[in-house]
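Below, all heavy atoms of this structure are taken into account, side chains as well, without hydrogens, waters or symmetry copies. The residues of the chain are indexed from 1 along the displayed sequence. Bear in mind that the values here come from a model prediction, so they are computed numbers and not experimental data. When a ligand or atom number is given, it counts from 1 through the structure's own listing order.
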Amino acid sequence: MTSPAWSFMTSFLTYETSKSVVVKSWSVGIINRLVQLMIISYFVGYVFLYERAYQVADTAIESSVITKVKGFGKLNDVVMDVADYIYPPQGEGVFSIITKIITTHNQFQGTCSEIGDSFNCSTNADCTKHLSSIQANGIITGVCNTSCGSCEIEGWCPAENDQVQIEPMAEFVNFTIYIKNSIRFPLFSVTRGNFDSTIKNCTNNKLTDPFCPIFRVGDILTEVNQNVTTLANNGGEIGIVIEWRCNLDQDVDLCVPSYSFTKLDAPFENYASKGYNFRFAKYYKTADGTDFRSLHKAYAVRFDVMVTGTARKFSLIPTVINVIAALTSIGMGTVVCDLILLNCLKGAEQYKKKKFEEVSEAQILASITPSPGSQMSVRRGHDSCCDSGAISLSVNY
Ligand SMILES: *[C@@H]1O[C@H](CO)[C@@H](O)[C@H](O)[C@H]1NC(C)=O
């Protein structure tokens, strides 16, 4: 029965286990336990309790936002309602409240003189250098209108003068914004809305009514430290952030939004072109069929409703993976202790000899032909819960 197949089988059907050296030293023992304690507290405290590694997260939130603004203001002694000051009117998540409009009435196609100091002229040559300017209100013809000292343009005339001072609509701080937000976490098929049916007439307040979906514009501006007069004059951008942080291991009713506000144009505060404005025109026809228009330059506060969210729920796979990672990492303590044991401690050479056993060919040959006294003396160590039945060498000094 000594065929090659048989000897292969006997060598294949074996089990290897590593031999351990139990070092009975207080200093290394304390370091070993300290390192293990650090690793355990990192995993328990940070990975499991703080980062919640036992849960799986869904950040791909699906969201839909509808807004509605209410309030009345006065601009140039004209009462403005929602249809006058909200753009676009569909009630989207991004909308503008117009606070100031500079209107240029009765513009017809034709030629007229440009407005503004940069287009002043005394001869035609002063205007030909502006020929392809895109800063003008129309196409520069290259002709200087000497009677008013300004270059002539071709386009909608008269040209707009956007430097006129207009008192902005101050009442916009008292407007209210109603936000309807419905979300879904596709991974867990959880659908939520930002308020329930019990909420009727309310105004959101961080302390007393944090779940009310109706916000007063002035409260939002106070929270982002925005100067109301500057904002009304120049326009600006405000972000309304709705954040959903849901732990679906708890009751789903605890999955509620939190609101916060940001000044979105803050990075551009020191730039020349501050604020936010846009132009739009309304077109009319005269009795004989000629088009004319009134041009509106609107300064507006642009609101941007942004929805973010994370839902978490217990899952077996990340739990198992992280438990295994934690258990494996506890073994990291050995690396540190080995470094200290074999390099820094008194008697490091002796420890090294016990750990790394050198076996020469001569010793092996001697052990094949047994002679008493040449065998290594190995005895069973005390069974303890810590060294899991490892064989301990008795160190005799
Ligand atoms: C806003 O409303 C309050 C109370 O209703 C009023 O006293 C205040 O004058 C209003 N603000 C503006 C700018 O109209």
Please determine if R192 and D253 form a salt bridge, counting it only when a charged side-chain N lies under 4.0 Å from a carboxylate O.
-> yes
Of all residues at least two apart in sequence or in a different chain, which pass the ring-ring contact (aromatic ring centres under 6.0 Å, His included) check with Y276?
-> F278
Closest non-hydrogen atom pair, N181 against S63 | ND2-OG, 3.2 Å
Sorted by chain and residue number, the residues having a heavy atom closer than 4.0 Å to an atom of ligand 1 are A170, E171, V173, N174
Could you tell me the separation between the NZ atom of K206 and the CZ atom of F261, rounded to the nearest 0.5 Å?
-> 6.0 Å
Can you tell me if the gamma sulfurs of C151 and C144 fall under 2.5 Å?
-> no
Looking at D249 and K313, does any basic side-chain N land under 4.0 Å from a carboxylate oxygen?
-> no
